[in-house]
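Beneath this line is the structure, given in structure tokens, with notes to follow.
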Amino acid sequence: MYMKFGRVKPARYLFDEMPVRNEVSWNTMMSGLVRVGLYLEGMGFFRKMCDIGIKPSSFVIASLVTACGRSGSMFREGVQVHGFVAKSGLLSDVYVSTAILHLYGVYGLVSCSRKVFEEMPDRNVVSWTSLMVGYSDKGEPEEVIDIFKGMRGEGVGCNENSMSLVISSCGLLKDESLGRQLVGQVIKSGLESKLAVENSLISMFGNLGNVEYANYIFDQMSEHDTISWNSIAGAYAQNGHFEESFRIFNSMRRFHDEVNSTTVSTLLSVLGHVDHQKWGRGIHGLVVKMGFSSVVCVCNTLLRMYAGAGRSEEAELVFQLMPTKDLISWNSLMACFVEDGRSLDALGLLCSMIRTRKSLNYVSFTSALAACFSPEFLDKGRILHGLVVVTGLFENQIIGNALVSMYGKIGEISESRRVLLHMPRRDEVAWNALIGGYAESEDPDKALAAFRTMRLEGVPANYITVVSVLGACLMPGDLLERGKPLHAYIVSAGFESDEHVKNSLLTMYAKCGDLSSSQDLFNGLDNRNIITWNAMLAANAHHGHGEEVLNLVSKMRRLGLSPDQFSFSEGLSAAAKLAVLEEGQQLHGLAVKLGFEQDCFIFNAAADMYSKCGEIGKVVKMLPPSVNRSLPSWNILISAFGRHGCFEEVCGTFHEMLEMGIKPGHVTFVSLLTACSHGGLVNQGLAYYDMIARDFGLKPAIEHCICVIDLLGRSGRLAEAESFISKMPMKPNDLVWRSLLASCKIYGDLDRGRKAAENLSKLEPEDDSVYVLSSNMFATTGRWEDVENVRKQMGFKNITKKQACSWVKLKDRVSSFGIGDRTHPQTLEIYAKLEDIKKLIKESGYVADTSQALQDTDEEQKEHNLWNHSERLALAYALMTTPEGSTLRIFKNLRICSDCHSVYKFVSRVIGRRIVLRDQYRFHHFESGLCSCKDYW
DNA sequence: TTAGGGTTAG
């Protein structure tokens with residue numbers, strides 16, 4: 001009696017005082033202890049009984065085993081009981097063996113459960129259900145359904161628990177036809193009014209994407225518990241109806257007081273999809289206030305929320321502060337690092353999991369494999385491949401897919417194909433990964449061949465397949481042979497209506513050189529999403545239509561669509577290329593207003609824009625302090641100093657970066673070497689070039705070699721430049737010869753120049769620069785016959801020279817000038833102003849340098865031609881129209897002419913104006929008669 | 001019976 005009322009003390013006293021104790025007294029005492037939760041003490045009694053040789057009743061054993069499962073930490077005790085039971089022949093008791101199979105299920109050992117199950121002489125619903133629970137907890141819904149079918153096959157009727165289990169497993173498998181059958185069985189078995197069954201039906205329909213039906217069931221229920229509310233909110237959330245999900249949470253607060261940690265997890269997963277800026281931090285605070293901040297699952301969702309918003313530092317902090325972490329926490333943080341590009345951190349996490357003997361599963365390895373996304377990860381990728389084989393995870397479909405993808409991204413495409421061919425089952429994801437790899441390695445033929453084989457093997461293509469194949473055909477020559485037939489396939493296979501496919505088609509046409517088809521596709525789209533707009537932005541950027549990029553961004557805004565990081569970066573880089581400071585500033589301001597201030601892509605794009613618009617001071621101010629500056633920011637800073645002629649700062653910044661322990665990359669050296677070349681720092685540049693391989697283990701790329709050729713050539717060391725080309729680790733391309741030719745022009749080296757021109761025209765027969773440079777070279781050395789010859793060839797091949805153009809921007813108007821331009825409404829005033837300037841600077845000692853003249857005429861005509869240069873017209877106009885003392889900002893599409901450079905210097909001193917001129921390559925800051933380029937450009 | 005981690009493209 002005392003035990004029935006949970007009064008342990010008096011019961012134990014009575015038990016201890018009993019002169020004789022029989023089986024019943026022992027059993028009563030033991031089952032009582034288990035009932036009140038004193039599991040370990042119950043276990044002690046069990047051991048004593050075994051020692052004395054008193055047989056516990058099967059009921060008592062079953063409850064003790066159940067207790068071992070419930071405690072969560074009494075696995076060894078449970079196994080001990082199993083041993084006793086097996087010896088004493090109690091396994092034939094259905095209650096005892098069911099309890100034991102349930103115990104193994106709880107501790108994740110489903111194969112042990114199954115063994116016990118198979119050896120049972122007879123089974124009841126609870127035995128079947130217990131086996132199902134084990135598989136359900138392990139995340140194997142297929143098994144659950146198989147067991148359910150076996151149970152039905154043996155004519156065992158189901159109960160509430162087994163029905164709920166199978167319904168939720170069906171939802172996880174997204175098996176619609178089974179779902180329909182189950183609804184029929186629920187009605188037949190009369191379980192339709194059971195709360196647990198109704199709840200699992202809600203979640204099943206949520207998983208099947210049928211929110212209406214989930215909602216119908218919810219509305220029909222006579223009562224709702226917390227699980228019902230959570231299930232319906234989850235159903236809406238899963239299907240993207242986030243607002244509705246919110247509405248449910250609000251009603252929940254009104255009609256149902258109880259909220260649990262699952263409610264909070266669901267709410268958080270919804271918030272991961274809506275405006276993080278607005279809600280994220282608030283909800284984090286709320287979680288703490290509600291006391292859920294130590295629930296593992298809630299913390300995991302919180303971590304995911306920060307990860308989804310691209311804030312890996314905050315996610316890391318959540319992880320560090322978690323009182324207990326499970327496998328999902330570790331996997332989530334690893335995935336977050338991968339998404340944020342922190343591959344080394346992700347792999348470090350895997351290492352510490354292995355080191356501390358944490359349990360790992362296939363998800364851990366898929367993330368680690370995804371971290372290896374570029375050639376430098378080849379060794380690490382191979383090690384992971386080995387680990388995956390050793391642990392037997394190789395058989396896992398998703399791991400196989402991740403391996404195919406990894407080798408593709410690393411550039412080991414033949415290895416990627418080999419993995420695919422050895423897979424027991426090749427699904428569409430595996431094929432898509434292989435096709436993606438071929439696209440990455442720019443091999444459209446192999447991508448299309450893989451696409452054909454895939455279909456021959458009977459694997460149906462999905463929209464990602466189509467997107468990947470399209471992504472492999474992006475060269476101008478691909479359009480007729482591959483792109484258009486693909487478009488035809490897309491239409492016939494019914495992929496045309498897919499948003500992703502449409503966007504990829506748009507990109508394909510643009511990259512293949514057919515911007516107007518892209519435009520047509522864009523115009524024909526009814527619902528353009530952000531990705532469509534971004535694709536169109538990229539298409540225009542690719543064709544150099546910066547103005548259109550900016551137009552599209554403002555059009556987006558007028559239509560009420562917020563630009564995202566991608567749109568802003570594209571817009572900012574367009575503004576940078578056009579050197580339109582006002583537009584760039586407006587975009588940057590808007591990005592900050594929309595909460596992108598901390599986004600590193602955006603502040604880097606903005607910094608680059610300020611640099612290319614001449615605002616060097618702003619760049620220095622806006623980039624993060626050197627302690628937490630990322631590699632792209634360092635690169636931008638170095639190139640900004642180089643572009644503005646601040647060469648001491650270039651070297652200083654580079655060394656500061658090294659002191660901070662940042663390893664320079666490919667881009668760093670391009671910026672560094674370009675700066676040295678423009679600053680005439682020849683020996684310094686050569687030293688930096690040597691560092692690439694020697695000190696940092698990087699392979700010099702052709703871009704670096706071009707910089708060295710430029711460096712040597714511009715300083716007149718033409719023989720060395722030529723010999724460098726012959727010793728380069730790769731084949732010279734057009735840019736190599738163009739650079740050498742340009743240097744030969746400066747120094748009048750006809751022989752080398754001719755050779756360079758020949759090599760260049762072999763590689764780029766249509767290019768105008770070879771003719772322009774050669775004719776300039778001949779002109780400056782007085783070889784007028786050769787000049788005429790080149791001109792004739794150009795006419796013959798229908799090649800036209802790119803026209804020089806300079807412009808000035810005043811408020812919202814751009815005034816541009818060609819050579820000898822007389823189309824401007826204020827032409828007369830402009831030419832009059834030019835005469836004034838000429839007079840003024842001649843009085844100060846200016847003498848025209850006609851040695852660079854390109855026409856065979858007399859001196860007077862040569863000088864007259866110089867005064868028709870576009871940059872001079874722009875200068876005169878700028879002087880006329882801007883307030884005295886303000887800085888003049890002038891742009892030119894080609895390199896500034898050396899005599900104009902001298903005129904600008906005189907003007908800056910004589911008229912006392914600061915002038916900033918941006919030519920094709922760099923900025924010139926003129927002040928008090930000097931230029932920042934120190935006359936070397 | 002409800003919630004949290006993964007592969008392909010963008």
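Side chains are part of it too, since the values below use all heavy atoms of this structure and drop only hydrogens, waters and symmetry mates. In the text below, chain A, chain B and the rest are named by the order of the sequence lines, each starting its count at 1.
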Would you kindly give the [atom1]-to-[atom2] distance between [X] and [N], to the nearest whole Å?
| X | N | atom1 | atom2 | value |
| --- | --- | --- | --- | --- |
| A/L303 | B/dA3 | CG | C1' | 15 Å |
| A/L201 | B/dT2 | CG | P | 11 Å |
| A/N207 | B/dG4 | CG | C1' | 14 Å |
| A/I328 | B/dA3 | CD1 | C1' | 10 Å |
| A/L302 | B/dA3 | CG | P | 18 Å |
| A/N503 | B/dG10 | CG | P | 11 Å |
| A/H224 | B/dT1 | NE2 | C1' | 14 Å |
| A/F451 | B/dT8 | CZ | P | 19 Å |

Would you mind classifying the nucleic acid contact of [X] as base, sugar-phosphate or nothing, using non-hydrogen atoms under 4.0 angstrom?
| X | result |
| --- | --- |
| A/V296 | base |
| A/L327 | base |
| A/F566 | nothing |
| A/Y362 | base |

Aromatic A/F451 / basic A/R482 pairing, under 6.0 angstrom, 45° off normal: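 No, A/R482 does not lie over the aromatic ring of A/F451.
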Distance under 6.0 Å and angle within 45° of ring axis: A/R253 vs A/F249: no
For the ring pair A/W128 and A/F148, is the centre-to-centre distance below 6.0 Å?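 Not under 6.0 Å, so no.
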Ring centres under 6.0 Å, that's the criterion: do A/Y407 and A/H385 meet it?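 Ring-ring flag for A/Y407/A/H385: true, centres closer than 6.0 Å.
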Nucleotide nearest [X] when distance is taken to its side chain, options [options]:
| X | options | answer |
| --- | --- | --- |
| A/N230 | B/dT2, B/dT8, B/dT1 | B/dT2 |
| A/S468 | B/dT8, B/dA9, B/dA3 | B/dA9 |
| A/A335 | B/dT1, B/dG5, B/dT8 | B/dG5 |
| A/I464 | B/dT1, B/dA9, B/dG5 | B/dA9 |
| A/V467 | B/dT8, B/dG10, B/dG5 | B/dG10 |
| A/A196 | B/dT1, B/dA3, B/dG4 | B/dT1 |
| A/A402 | B/dA9, B/dT7, B/dG5 | B/dT7 |
| A/C297 | B/dT2, B/dA3, B/dG10 | B/dA3 |
| A/S203 | B/dT7, B/dT2, B/dG4 | B/dT2 |
| A/T262 | B/dT2, B/dT1, B/dG5 | B/dT2 |

Among residues 164-173 of chain A, which contact DNA chain B at a heavy-atom distance under 4.0 Å? A/S164, A/S168
DNA chain B contacts made by residues 403-412 of chain A, counting heavy atoms under 4.0 Å: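 Here the set is A/S405, A/K409.
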Going by side chain to side chain contact (heavy atoms under 4.5 Å, CB included), name the residues that satisfy it together with A/Y362, two or more places apart in sequence or in a different chain.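 For A/Y362, the residues satisfying side chain to side chain contact (heavy atoms under 4.5 Å, CB included) (neighbours in sequence not counted) are A/L393, A/N396, A/I398, A/I399.
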Can you name the residues that form a side chain to side chain contact (heavy atoms under 4.5 Å, CB included) with A/I464, not counting sequence neighbours?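 By the side chain to side chain contact (heavy atoms under 4.5 Å, CB included) rule, A/I464 matches A/N432, A/N462, A/S468.
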Donor/acceptor link under 3.5 angstrom from A/D326 side chain onto base of B/dG5: no
Taking N and O atoms by type only, does the side chain of A/N361 place a donor or acceptor under 3.5 Å from a partner on the base of B/dG5? yes
For A/D564 and A/S567, does a side-chain donor sit closer than 3.5 Å to a side-chain acceptor?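 Side-chain D/A pair, A/D564 to A/S567: present.
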Considering residues at least two apart in sequence or located in another chain, which fulfil the salt bridge (Lys or Arg N to Asp or Glu O under 4.0 Å) criterion with A/E440? none
With sequence neighbours excluded, tell me which residues meet salt bridge (Lys or Arg N to Asp or Glu O under 4.0 Å) with A/E415. A/R418
Check the pair A/Y509 / A/H487 against ring-ring contact (aromatic ring centres under 6.0 Å, His included), numbers first and verdict last. CA-CA 10 Å; A/Y509 276 108; A/H487 194 167; 5.7 Å; yes
Side chain of A/S245, backbone of A/H241: donor and acceptor closer than 3.5 Å? no
